[in-house]
Amino acid sequence: NQKSVTVSKLSKEFNVTEETIRKDLQLLENEGILKRIYGGAYVEESVQGDVDVNLRENILVKDKEIIAEKCVPFVKDGDSIFLDASTTSYYIASKIMSHNITLITNSLKIASLVANSDTVKLLLIGGIYDKRSMSFLGKNAENDIQKYFVDKAFVSCRSVHLDFGITDSNEQQAEIRKIAFKHSHQTFLVVDHTKFNKTSFSFIADLSDIDEIVTNQPLSEAWVDRLKQEGINITAP
């Protein structure tokens with residue numbers, strides 16, 4: 001029902017050892033029901049699968065590091081930046097903390113990370129706190145972000161498709177990301193290779209709404225041709 005689980009929570013709920021839970025999750029992964037990661041597991045193929053942020057941190061860590069490194073040259077001193085509540089944006093935040101920038105985010109994790117930076121002016125979007133994503137969502141958050149415009153927005157998503165554009169599993173996150181795209185002079189979609197050629201529950205934007213895709217692996221010829229047609233730059237290995 002929740003699309004992701006932690007080993008510790010299951011251990012307490014069923015009153016068994018964590019080792020027993022890990023063995024059960026291994027069996028379920030062998031059957032193709034879920035994907036195991038450090039600390040838990042998640043359902044991979046679900047249009048509404050919204051994975052707990054503490055589990056997402058352990059998915060494709062090296063790939064997110066690659067993407068974050070490739071985003072650093074785009075950030076200049078004096079920029080106003082929006083980072084969404086994705087774990088990829090968290091890695092980006094960790095790389096740009098020494099820049100003299102204004103950073104707007106709805107992510108409590110990112111805000112906590114940069115809170116003690118001497119160079120980052122932090123603006124945290126308010127709203128209803130969502131524990132699973134450790135971010136602020138809802139109408140108050142949407143109204144709050146509407147007040148601001150930024151130089152650059154770095155936004156991730158659950159899925160990106162040649163025909164159906166950029167989509168997300170969480171409707172409220174999708175709304176925040178949609179506004180961020182509209183209120184940014186330059187828009188960056190930061191996605192790893194697993195996000196391509198898939199669709200999720202809620203629409204964020206068309207491909208034509210972004211300026212640059214930053215990813216961790218070379219794209220297929222079909223993607224390269226389409227992005228060139230749309231005038232979208234590609235940053236990839």
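Here, residue 1 is the first one in the sequence, and each next residue gets the next number. All values below were derived from every heavy atom in this structure, side-chain atoms included, with hydrogens, water molecules and symmetry-related copies excluded. Since we're looking at a predicted model, the values are computed, not measured.
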Using only atom types and a distance under 3.5 Å, with no angle test, would you say the side chain of [X] pairs donor to acceptor with the backbone of [Y]?
X      : Y      : answer
Asn197 : His161 : no
Asn143 : Asn140 : no
Thr215 : Val191 : yes
Asn15  : Lys12  : no
Asp130 : Ser133 : yes
Asp77  : Asn100 : yes
Thr235 : Val214 : no
Lys95  : Cys71  : no
Ser135 : Tyr129 : no

Does [X] have more than 12 heavy atoms from other residues, nucleotides or ligands lying within 6.0 Å of its [atom1]?
X      : atom1 : value
Gln146 : CD    : yes
Asp118 : CG    : no
Asn30  : CG    : yes
Glu221 : CD    : no

Output the distance between atom [atom1] ([X]) and atom [atom2] ([Y]), rounded to the nearest 0.5 Å.
X      : Y      : atom1 : atom2 : answer
Phe181 : Phe82  : CZ    : CZ    : 9.5 Å
Leu103 : Ile96  : CG    : CD1   : 6.0 Å
Lys178 : Ile204 : NZ    : CD1   : 8.5 Å
Ile104 : Leu83  : CD1   : CG    : 10.0 Å
Ile179 : Ile145 : CD1   : CD1   : 6.0 Å
Phe196 : Asp192 : CZ    : CG    : 8.0 Å

Mind checking whether Val120 and Phe74 sit in one hydrophobic cluster, side chains of I, L, V, M, F, W, Y counted as touching below 4.5 Å? yes
Find out if a path of hydrophobic residues (ILVMFWY) with successive side-chain heavy-atom gaps under 4.5 Å connects Ile66 to Val61. no
With a 4.5 Å heavy-atom cut-off, do Leu219 and Leu227 have their side chains touching? yes
Flag side-chain contact, heavy atom, 4.5 Å: Gln173 against Leu137: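 Yes, close enough: below the 4.5 Å cut-off.
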We want to know whether [X] and [Y] form a side-chain donor-acceptor pair, criterion being a heavy-atom distance below 3.5 angstrom.
X      : Y      : value
Ser184 : Thr187 : no
Glu18  : Ser8   : no
Asp151 : Ser80  : yes
Ser89  : Asp84  : yes
Thr119 : Ser117 : yes

When you look at Ile110 and Tyr91, which way does the side-chain contact (heavy atoms from CB on, under 4.5 Å) test go after all the steps? CA-CA 9 Å; Ile110 290 176; Tyr91 284 104; over 6 Å; no
Is [X] salt-bridged to [Y], cutoff N-O under 4.0 Å?
X      : Y      : answer
Lys35  : Glu29  : no
Lys139 : Glu175 : no
Asp168 : Arg177 : yes

Lys/Arg cation over aromatic Tyr90: Lys109, 6.0 Å, 45° cone: yes
CA sep, side-chain torsions, deciding dist, call: Val75, Ile81, side-chain contact (heavy atoms from CB on, under 4.5 Å): CA-CA 8 Å; Val75 179; Ile81 302 292; 4.3 Å; yes
side-chain contact (heavy atoms from CB on, under 4.5 Å) for Asp24 and Thr20? Distances and angles first, verdict last. CA-CA 6 Å; Asp24 288 343; Thr20 296; 4.0 Å; yes
